[in-house]
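The next block holds one structure in the form of structure tokens; read it before the comments.
Since the model is a prediction, treat every value here as computed from it, not as a measurement. In what follows, every chain begins at residue 1, and chains take the letters A, B, ... in the order their sequences are listed. Keep in mind that the numbers below use all heavy atoms, side chains included, and drop hydrogens, waters and symmetry copies.
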Amino acid sequence: MPTRLTTYFLRTLREDPSDAEVTSHRLLVRAGYIRRQAPGVFAWLPIGLRVKEKIERIIREEMTNAGAHEVHFPALLPREPYEATGRWTEYGDGLFRLQDRKGADYLLAPTHEEVFTLLVKDLYNSYKDLPLSIYQIQDKYRDEARPRAGLLRGREFTMKDAYSFDYTDAGLDASYQAQRDAYERIFTRLGLEYVIVKADAGAMGGSKSEEFLHPTVVGEDTFVRSAGGYAANVEAYVTEVPDALPIDGLPAAVVLDSPNTPTIATLVDLANAEYPRPDGRAWTAADTLKNVVLALTHLDGTRELVAIGLPGDREVDMKRIEVAFAPAEAEQATEADFAKNPALVKGYIGPWSPLGAVLGEESASGIRFLLDPRVVDGTEWITGANLDQKHVFGLVAGRDFTADGTIEAAEVRAGDPAPDGSGPVELARGMEIGHVFQLGRKYADVLGLKVLDENGKLVTVTMGSYGIGVTRILAIIAEGNNDDKGLVWPAAVSPFDVYVLATGKDPAAFSAAEQVCAAIEATGRSVLYDDRPKVSPGVKFGDAELIGIPKIVIAGRGVAEGVVELWDRVTGERTPVAITEVADALG
RNA sequence: CGGGGCGUAGCUCAGCUUGGUAGAGCGCCCGGUUUGGGACCGGGAGGUCGCAGGUUCGAAUCCUGUCGCCCCGACCA
């Protein structure tokens, strides 16, 4: 039996909801797929659920193909496992916490690594039980500081999360690869363009991590890619290190007056006006060494100042900084920080002064000093002399100053070289739709998941975790498949296979429509049938377009001649077809 | 957390400047006409004007406070 609009729980809105900005949010609400319950929390209406289930079915099939077994954990979990791994506190305000009537702490799980690990620990203790991959499709909860864009960043969202358990590194590699392959099949079946980028493995002790990004302007992640195939999240981009230059024969550094030059731009202008280069080339920002002072707050609450030196033509990328210093938090040093460190002359900070080294753990300030990898030995710089209104010219790295290490802190720019030599990179925006991650032994270590190996020795299990944002994918598909009339679902995820509508007041149109529904369903297709009487054709056509089922059949004025129309939602084309041949004509 | 905007009917919004019985369109219900691009006529249901306090004879409107929501940014395996 077809699903009839007269009895279905579906209400379309004539106007756009006022609180929806992005296309997917606007259309999914207007077409009756979802309703907002609270910021970042949505109810699923029947037609929306069908799309969600279509996506989940594809994921389940490919998880099965990858040898993973489905389980289901509660979303509501006790505090203890998360306390053990430190995530109860590390997750900070992002965690939904609650208490039961006795005052015991619970949380709504943001991900389930802990309980998956403990489940396996409970039941397995031999290498013979491994490898194992298990997964669930579950709602996750994160108290986002700012939920936005409807389903794209919600506080409750559905995720497929899989976890693999191996006792050898090679086994982990194989499990990881199996999930990675499954992801490629899933996204291909969903018709979703994706780019696999190297991702930051983060502070959680992971070793290898890749993100599946869908290129889209609404994306929140910036990634880089080269024509030669390199792709990386901007946080994971690794700077190509130039060869060191010879130091012998370079002239000594000189301290020169540079009044009123607190910024790189003013410094370059003054240098060109007052101290032109002997070779006639103009000074540029790239000739200057910018020293940025940051304040780190470590997990234990201690505050540490760190100085970062980078070419003056590059900005500091705070996202890359965060990754570099995680789990510590980084921010710009405050006036109070400078006040406590009189060795730093703001606007004229540099690694060196005529009195000796200023930056570095062994220096006058004792402040840790990290350099951009481009600042190799033998490079010459204009930089602050730590004297008010003075800069030093020709300061040579490796001769006049050294650092405590290097750091990936500078912004990545289009045209920068890919680290694998595959050419210059371009920058693009993407939305993370999947993430595969070798966790290694971090969780197993902390939670004590060990098995006996072939030699009867206890070995710690090594794990992977693999996530796909189900509801986010749904929104992304909606985002990329619509026109000014409404949604246009790809057949693979369309809530119904065919939309049948009858127009006019002639009962013959409705009986023809019923006949068409039956014929289509006989071929195994699902049908949504607009059987509403007394609704004008314009409304019916408009709803059909808004709802976005790709194949539409119109039973109307042709039925007397035994003809209905096949309406292609994608192309807009309408083709007359004999009623008896509709099912075949759908292909 | 910073910046901006908004809370009035199921939805989209007007009314607030200048205080005086709460409005429109759409949707919904009843009757009738209409039926290939969001038709029309007549009748009707539906609102603590976010909340609290204040000013006033009288507050959706003015004042104070508060809560919530949306957008941008910060933040976000």
Side-chain angles (χ1 to χ4, degrees), chain A residues 11-22 25-26 29-30 32 35-41 85 87 90-95 109-114 140 142-150 152-155 157 159 161 163 199-206 208-211 220-221 233 235-236 318-319 321-323 326-327 329-332 431-432 434-439 442-443 464-469 485-486 501-507 509-510 530 532-546 552 554-559 564-565 567 572 574 576:
Chain A
R11 168 95 344 128
T12 58
L13 305 178
R14 182 177 294 229
E15 286 169 277
D16 285 334
S18 63
D19 60 352
E21 289 285 317
V22 299
H25 186 196
R26 183 171 58 80
V29 172
R30 191 145 95 86
R35 294 292 289 177
R36 197 194 76 103
Q37 293 299 303
V41 180
T85 56
R87 291 212 297 171
E90 276 174 32
Y91 232 96
D93 292 334
L95 202 58
T111 62
H112 282 73
E113 279 83 359
E114 285 82 354
K140 300 284 188 267
R142 295 181 195 175
D143 191 1
E144 297 284 347
R146 187 157 94 78
R148 71 184 88 185
L152 287 172
R153 175 166 292 277
R155 296 195 296 172
F157 55 96
M159 181 188 236
D161 49 324
Y163 304 85
D200 161 58
M204 298 305 275
K208 181 176 183 184
S209 175
E210 290 168 297
E211 284 176 7
E220 302 179 320
D221 293 331
N233 197 307
E235 286 94 322
M318 285 310 286
K319 290 197 172 194
I321 290 277
E322 288 286 343
V323 167
E329 292 192 13
E331 61 178 324
Q332 292 270 349
M431 180 60 93
E432 183 181 351
H435 198 157
V436 289
F437 196 161
Q438 292 197 356
L439 290 173
K442 145 122 188 164
Y443 286 89
S465 86
Y466 317 94
I468 286 182
K485 300 282 176 45
L501 69 88
T503 69
K505 58 179 175 182
D506 184 354
F510 288 82
D530 185 352
R532 292 174 295 179
K534 297 186 181 179
V535 172
S536 70
V539 172
K540 292 199 167 192
F541 293 151
D543 278 346
E545 288 167 313
L546 177 60
I552 303 166
I554 306 168
R557 55 190 175 193
V559 295
V564 293
E565 285 166 273
W567 185 15
R574 294 185 188 185

* Tyr443(A) and Thr85(A), any side-chain heavy atoms less than 4.5 Å apart -> yes
* Separation of atom CZ in Arg26(A) from atom C1' in C70(B), rounded to whole Å -> 16 Å
* Should C28(B) form a Watson-Crick or G-U wobble pair with both distances under 3.5 Å, which nucleotide is its partner? -> G44(B)
Filtered N/O pairs between nucleotides 3-13 of chain B and protein, under 3.5 Å:
from: U12(B); atom 1: OP1; to: Ser18(A); atom 2: N; distance (Å): 2.8
from: U12(B); atom 1: OP1; to: Ser18(A); atom 2: OG; distance (Å): 3.1
from: U12(B); atom 1: O2'; to: Glu15(A); atom 2: OE2; distance (Å): 3.1
from: C13(B); atom 1: OP2; to: Ser18(A); atom 2: OG; distance (Å): 3.4

* To do: May I ask which nucleotide in the shown strands pairs with U35(B), Watson-Crick or G-U wobble, both distances under 3.5 Å?
  => none
* Asked: What does Thr111(A) touch in the nucleic acid at a heavy-atom separation under 4.0 angstrom: a base, only the sugar-phosphate, or nothing?
  -> base
* Spacing of Arg155(A) atom CZ relative to G68(B) atom P, expressed in whole Å -> 11 Å
* **For His112(A) against Lys140(A), the heavy-atom pair lying closest together** => ND1-NZ, 3.1 Å
* Test: Asp506(A) and Arg557(A) ion pair at under 4.0 Å -> no
* To do: For the pair Asp543(A) and Arg14(A), find out whether any cationic side-chain nitrogen is under 4.0 Å from an anionic carboxylate oxygen.
  => no
Can you pull every protein N or O that's under 3.5 Å from an N or O on nucleotides 72-76 of chain B?
from: C72(B); atom 1: OP2; to: Arg146(A); atom 2: NH1; distance (Å): 3.2
from: C72(B); atom 1: OP2; to: Arg146(A); atom 2: NH2; distance (Å): 2.9
from: C75(B); atom 1: N4; to: Arg148(A); atom 2: NH2; distance (Å): 3.0
from: C76(B); atom 1: O2; to: Arg153(A); atom 2: NH1; distance (Å): 2.7
from: C76(B); atom 1: O2; to: Arg153(A); atom 2: NH2; distance (Å): 3.0
from: C76(B); atom 1: N4; to: Lys319(A); atom 2: NZ; distance (Å): 3.0

* So what does Glu432(A) touch, heavy atoms closer than 4.0 Å: a base, only the sugar-phosphate, or nothing? -> base
* Just checking Arg36(A): base, sugar-phosphate only, or nothing, at a heavy-atom cut-off of under 4.0 Å? -> sugar-phosphate
* Could you state the interatomic distance from NZ (Lys485(A)) to CD (Glu545(A)), rounded to the nearest 0.5 Å? -> 4.5 Å
* **C13(B) - base-pair partner by Watson-Crick or wobble geometry, distances under 3.5 Å** => G23(B)
* To do: Provide, to the nearest angstrom, the distance between the CD atom belonging to Gln37(A) and the P atom belonging to G68(B).
  => 18 Å
* Mate of C69(B) where both pairing distances stay under 3.5 Å, Watson-Crick or G-U -> G5(B)
* Mind checking whether Arg87(A) and Glu114(A) have side chains closer than 4.5 Å, heavy atoms only? -> yes
* Looking at CZ of Arg26(A) and CG of Asp16(A), how far apart are the two atoms once the value is rounded to the nearest 0.5 Å? -> 4.5 Å
Considering only nitrogen or oxygen atoms on both sides, find all protein atoms under 3.5 Å from nucleotides 30-36 of chain B and state each distance.
from: U35(B); atom 1: OP2; to: Lys505(A); atom 2: NZ; distance (Å): 3.2
from: G36(B); atom 1: O2'; to: Arg557(A); atom 2: NH1; distance (Å): 2.8
from: G36(B); atom 1: N7; to: Thr503(A); atom 2: OG1; distance (Å): 3.4
from: G36(B); atom 1: O6; to: Arg557(A); atom 2: N; distance (Å): 2.9
from: G36(B); atom 1: O6; to: Glu565(A); atom 2: OE1; distance (Å): 3.3
from: G36(B); atom 1: N1; to: Glu565(A); atom 2: OE1; distance (Å): 2.2
from: G36(B); atom 1: N2; to: Glu565(A); atom 2: OE1; distance (Å): 3.0
from: G36(B); atom 1: N2; to: Glu565(A); atom 2: OE2; distance (Å): 3.0
from: G36(B); atom 1: N2; to: Arg574(A); atom 2: NH1; distance (Å): 2.5

* Asked: Is there a Watson-Crick or G-U wobble partner for U56(B) with both distances under 3.5 Å, and if so, which one is it?
  -> none
* Asked: Could you state the CZ-C1' distance from Arg11(A) to G38(B), rounded to the nearest angstrom?
  -> 14 Å
